[in-house]
Structure formats: structure tokens, C-alpha cells
Amino acid sequence: MESSAAELARLRHSASHVLAQAVKTLYPDVKLGIGPAIEDGFYYDFDWQEGFTPDDIEKIEAEIARIIAANPVFTHREVAKDEALSLFADEPYKIDLINELPENEAISIYNQGSFTDLCKGPHVESANQIGAIKLLSVAGAYWRGSEKNPMLQRIYGTAFPTQEELNIHLERLEEARKRDHRKLGKELDLFSFHEEGPGFPFWHPKGMIVLNELLDYWRCEHSQRGYQEVKTPMILNEDLWHRSGHWDTYRENMYFVNIDEQVFSVKPMNCPGTILIYKDSMKSYRDLPIKYAELGHVHRHEKSGVLQGLFRVRAFTQDDAHVFCRPEQVQEEIGKIIDLIESLYSKFGFNEYRIELSTRPEKAIGSNEMWEMAETALNETLKSKNINYQINEGDGAFYGPKIDFHIKDSMGRSWQLGTIQLDFSMPERFELEYIGEDGKSHRPVMIHRAAFGSIERFMGILIEHYAGALPLWLSPIQVIILPIADRHHEYAKETASKLAEFGIRVKVDSRNEKTGFKIREAQMEKIPYMLIVGDREAEAGRVSVRSRESGDLGAMSFDEFASKINAENS
RNA sequence: GCCGACGUAGCUCAGCUGGUAGAGCAGCGCAUUCGUAAUGCGCCGGUCGUCCGUUCGAAUCGGAUCGUCGGCUCCA
């Protein structure tokens, strides 16, 4: 039986209290932080200088089992503030929380067995309703999420009404680990990372094929929609970054080089370069919108602890574009960008996505009026397109508010990809202009946008989404021909060159190995089609087709196979 | 950057309380010419991340440093 999200949350929140009770029983000197339910589980934060070892976790799990077997009842009561303060006198973090509660309200506390916690609830009635608990990991976490506060030990876990449901969840986690793009990237020989350049991906020949196929598709879709591709320099001098505002807001993430007494910065964003192209000639209102697209390779010095495979790197390619338009064109242009992004995602089966609108951050440039104008424009566009969206306060880019796209992959995991950012600020700073119908100079609006976001991150997401089995058009090797014995090599080669003429990426496995072995390897390499050729095929001029998904498809003529694969590839 | 764990052959991993390294896979060689997920035999391969230190002696102990992983913070 499926449990509702609210039931699961209540159960997991109760599980976190049981965890805290177990920890307090075993380590009475531990100070308690907070312990909420989260998506897929729960955690509890503890202040414990010694940290928790895997041994400790085992002991804690055993203690949890004991508590659940004793089946304490969860009871609720409300107390006055001074009673709460004395009740939690030994818990400095709880005191912290109590002091922040409204003065005159009663304070809600929950108790089960020997354990009492400051808590709004709700909880299960008694511990045996929790069913199955599993502790998953231990990690440091700042008190109340701020770097300035002490770091506590956070124990993560999950809980389900039954052991079966827990097992299913653990299997899902295992499945996610198998899909890890870092593991698959190595196994499929797509890319690598090296100590010599932490956070800088190295693309191998096979990875480059996937990347280039992806970019071919991207270029085609963009040129059809009036985008013009440009390329701007990797490093540009200091003055430009002062002018753009990056120097003041982004410097700690920038790489620098000194040459001829000048400071150059490796670009962390492409916009300033593109602006120089815009400014290179006089623009008329008739020229707008101008859409400059750039697959810009940017470098950002991210903190060492945040790097994560292709998902978080220090050098990546943005599928960037900057649309320069008249103010009255903004809404239409944003609408077109949303359509384009939607169309690009559907190619990969990302049909479900969520949109967030992020507003002015603390570190921002530009006047309040500009921000207001920009935020209104984005709001209006989304409303006029009848799109549901959430507001994300204070999460905009430093030069303007943005719309972000979050997609769901084949495992239901959510990823942020595309972004549309509206910018009145850069045009001001760089004094961009166009000549209007009235013959006077006007200021254009700039829209920064990316559909995949980062090509590297997108590749990582695709690898996990497809579990490494990339669709035919993206597969580095599309067809592998497996001759049964040496005497079939000639026929295999002929077949291969005929396929290559259709633009199919094909390889012949002419190693002296048994067919079963070759199939196994091709299968592990996730090659979409295997053609097995032996005496039967060579004599009849046919091929035996095996698909990586559905196995043996039987024999067919070369033309039959060629038209099948061409249809699938287009 | 912070907390914690980890770092042994190309890969996956073993090596207890200190006595100068071991397996499987991959690679190479030979035999085999074999029909839908692993043919057999043999060979090669490691200054045990790096640097200091303790010790007669360090992959094993201590420190520093780099990198990776799980999180926090940050982010495309």
C-alpha cells in the first residue's frame, strides 16, 4: 500500500526523534540540533565533537531497534516559555530556537519514552508504527545553515511503514549509484578527471562524438530560429570586468593572468564579450532582435568541496545566447525562448519541467526601477503563457532576475537546466544603443539565456537519464559488426563500409574471440546494434541483428537494416 | 572553504596488531575459428597519492599536503 507524502513525513519526523533518543541514550553529552523529515527520509543534527564513526552508527541502529521494540507512545503537550527554557536548560541550540519563538505563544513539545523534544509535530502515535528505519550517512552541517555557525554532525536516515518499502527504496538508491555518470563515464570511456586539473573535464574521443552530436543538434535548432553564432576570447582585460560589474560581484570566482603589466581575466561569463560585438557597429531598430549565440567555454574557480563529476566543474561550456531587443519586444522574445527550450528538452523525453522565477539578490547592480521593470516583465510573460511557476526570492543573477527550468529525469530526479535572465543593467553600463524609428538613440534590453545550462552538466544528466544507453543518434558507436570466424572478416568489412556511407558510426570486432564474448562486450559498451555475420549471412547477403534492448531480432537484408537504422537515426 | 571518510597494478579490490606487496578483470603471447552476455594456458605489470617524521625497519604509526567520495555552504 502506498503511503501519502504527509504520512511518510510524519513517520520520518518521528523516526528522527527516535534517532535522537537513541543518540542521547548512548551519548548523554551530545547536544541536540534539529531533526526534520526531508524528501526521501530524515536527519537529525547533533553537536558531538568526537564525531560518529561507522561503529557508532551500528550501535545507534541497534539502540533504535530496542526503542521501537519497547514501543513508546508519542505524547504532546504545550508549555510556557520559562518552563521550556528550564526543560531544555542543557540544550543550547534548543534554547536558541525557543528564544526565537513568539513571546506569548505556548510552546509545543513532544515526548516519547525518556526523550523530550521541542517540536511542532505531528507524530505517529507510537514508535512501532514507524516500521523500518535505516541510517544512511553522516555529514557535517552548519547550525542553521550558516558558515558562521558551528558545524554539527548530521545523521541521515530514512524510514518506511514496512521493511518491503524500505528495501524498494534502498534498491532505488543502488540503481542510482549504478547510473552515476562518473562511473559510467569511465566505463564507457567518455571523459576523465585528473589531479593535474581538478574540476576540469577531459573529453575522450567517444565523449567528443556525443558532445559534437549534441552541439550539431543545438546549432541546427538555433540557426532555424534566427540565432547567429559568435565566439569571444577566453581572456579579456581587467577594465572590461570592472565595467561589467563582474569585478565587484564575482571576483572570488575568477581566474587571472598577468601579462605585459596588464591583468587579464579568464572569462567566467560570455556576456561582456558579446556586448563588444554588438557595440562594434551602429544598430537600427530594424535589426532587432539580434540573437548572438555562443558555446562559450567559461572558467569559474569553485570552492574545492563543491566539485562533483560533470555536475559541478570549474570549466564548462554554456550554451549561451544573448538577445538584444527593443523594450516592447521583450515579452515576445522571452516567449520564443521558452518555446525553444521546451522543444530542445522534448528531444530527450524531458517533458515534465518546473519553472522558477528568481528575484533580486543581495549582491546586485542596477537601480530598483530596473529590477522592478525586469521582474514585472518576466512575471507578465509567464502569466500570459499560462505557465505555473514558483518565486525564488533573492536568487537572481547580479544583473537581473531570471527564469529557471527544472526537469525530471527517468528516475524522477530533478535537475536545473535552462535559464532566462532579463538585463537592463549591462546595456546601461556599456551604453548600448540602437537608432529608433524616430531617428533618435534608444537603449536595447538584453536577455541572457541558456537551454542546457552547461553542456558538461547536461551530458552528465543525459548519461544518468539513459543509464549510459544513449539513444542511437548520440551513441559513439552505433553499430558493431561481429564476424563469427576469420573467414567472415571480408564480408564484415564490406557491410561496415556500406553502413559508413550512410553516415553510420560502425566498427568491426575482428578479434579472435567467441561470439558470446563479443556480444557481452558490445552489450556492456551499450552499442545500440550488433550485426552478427557468419556463413549463413555471407552466403545470403544478409545480417543477423541484435539490439542492446531487445536481443536477437533475427536476420534481415542489408537494405532492410539500413532503412530501419536510418529511420531511427533521423 | 567547512565536517567526516577514503587514496595499494589501467579497473575492482585483498593485505590482522610495522619485517620492503597479492587476486580477478583488462593488456600482451600461444593455442583455438568457435553462432547471440566471459575458450584455455602462459607472460608483463605497483618507488602502496605526495612530502616530512617516528623506527634497525613503514603500504601498515604520526604530521602536513594534494586529490576523490558523502554532506554543509555556494552554483550552470
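Throughout, a chain's letter reflects where its sequence line sits, starting with A, and its residues are numbered from 1. Computed from a predicted structure; not experimentally measured.
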With sequence neighbours left out, write down each residue that passes ring-ring contact (aromatic ring centres under 6.0 Å, His included) with A/Phe42, or none if nothing qualifies.
none
Quick tally for nucleotides 25-30 of chain B: nucleotides whose base has a protein heavy atom under 4.0 Å get B, sugar-phosphate-only ones S, the rest -, giving -S----
If you measure from the C1' atom in B/G63 to the same atom in B/A23, how many Å do you get, rounded?
33 Å
P atoms of B/G67 and B/G18, separation to the nearest Å
31 Å
Between B/G29 and B/G35 - P atom distance, rounded Å:
24 Å
What's the CG-C1' distance between A/Leu136 and B/G4, to the nearest Å?
16 Å
Readout for nucleotides 69-76 of chain B: B = base within 4.0 Å of protein heavy atom, S = sugar-phosphate only, - = neither; 5' to 3' it is SBBBBBBB
If the condition is side chain to side chain donor-acceptor pair (under 3.5 Å), which residues does A/Glu175 pass it with, not counting sequence neighbours?
A/Arg179
Closest-nucleotide ordering on RNA chain B, the 5'-leading residue of A/Met524 and A/Leu152:
A/Leu152
Please measure how far the P atom in B/U60 lies from the corresponding atom in B/U54, and state the result in whole Å.
15 Å
Is the gap between the ring centers of A/Phe348 and A/Phe458 under 6.0 Å?
yes
Can you confirm whether or not the ring centre of A/Phe160 sits under 6.0 Å from the ring centre of A/His169?
yes
Considering only atom P, compute the distance from B/C61 to B/U17 and round it to an integer number of Å.
7 Å
Please state the C1' separation for the pair B/A9 and B/G49 - nearest whole angstrom.
14 Å
How close or far is atom C1' of B/G1 from atom CG of A/Asn149, stated in whole angstroms?
15 Å
Using the P atom as the reference point in each nucleotide, state the distance between B/C25 and B/U68 in Å, no decimals.
31 Å
Close residues, residues 531-543 of chain A, relative to RNA chain B [heavy-atom separation under 4.0 Å]
A/Ile532, A/Gly534, A/Asp535, A/Arg536, A/Glu537
Nucleotides 46-51 of chain B: which of its N/O atoms have a protein N/O under 3.5 Å away?
none

Tell me, please, which residues at least two apart from A/Glu187 pass salt bridge (charged side-chain N to carboxylate O under 4.0 Å, His left out).
A/Lys183
Taking only distance into account, with no hydrogens and no angle test, what donor-acceptor pairs under 3.5 Å do side-chain atoms of residues 189-200 of chain A form with protein atoms, sequence neighbours excluded?
residue  : atom : partner  : partner atom : Å
A/Asp189 : OD1  : A/His204 : ND1          : 2.7
A/Ser192 : OG   : A/His194 : NE2          : 2.8
A/Ser192 : OG   : A/His204 : NE2          : 2.7

Under a 3.5 Å threshold, yes or no: a donor from one side chain and an acceptor from the other, between A/Asp404 and A/Thr419?
yes
Mind calculating the distance between CD1 (A/Ile484) and P (B/U39) to the nearest angstrom?
13 Å
Once ring-ring contact (aromatic ring centres under 6.0 Å, His included) is applied, do any residues pair with A/Trp415, and if so which ones, sequence neighbours excluded?
A/Phe311
Side-chain H-bond candidate by donor/acceptor type, A/Glu537 with A/Ser544, under 3.5 Å
yes
Validation row, ring centre A/Tyr529 to ring centre A/Phe561 under 6.0 Å:
yes
Could you state the atom-to-atom distance from CZ of A/Phe202 to P of B/U68 in whole Å?
12 Å
Should A/Ile484 and A/Val533 be marked as a side-chain contact (heavy atoms from CB on, under 4.5 Å) after you check the CA-CA gap, both sets of side-chain angles, and the distance that decides it?
CA-CA 6 Å; A/Ile484 303 268; A/Val533 295; over 6 Å; no
Nearest-Å distance once atom P is located in both B/C41 and B/A37
22 Å
Checking A/Lys148 against A/Tyr142: charged group under 6.0 Å from the ring centre and within 45 degrees of the axis?
no
Mind running a 4.0 Å heavy-atom check of residues 342-351 of chain A against RNA chain B and sending the residues that fall below it, in number order?
none
For A/Glu560, the salt bridge (charged side-chain N to carboxylate O under 4.0 Å, His left out) test, sequence neighbours excluded, returns none
Do you see a donor-acceptor pair shorter than 3.5 Å between the side chains of A/Ser343 and A/Ser346?
no
Of A/Arg449, A/Lys231, A/Lys267, which meets salt bridge (charged side-chain N to carboxylate O under 4.0 Å, His left out) against A/Glu294?
A/Lys267
Does A/Phe316 have its ring centroid less than 6.0 Å away from the ring centroid of A/His299?
no
Test of understanding: with salt bridge (charged side-chain N to carboxylate O under 4.0 Å, His left out), list the residues that count as partners of A/Arg182, not counting sequence neighbours.
A/Asp180
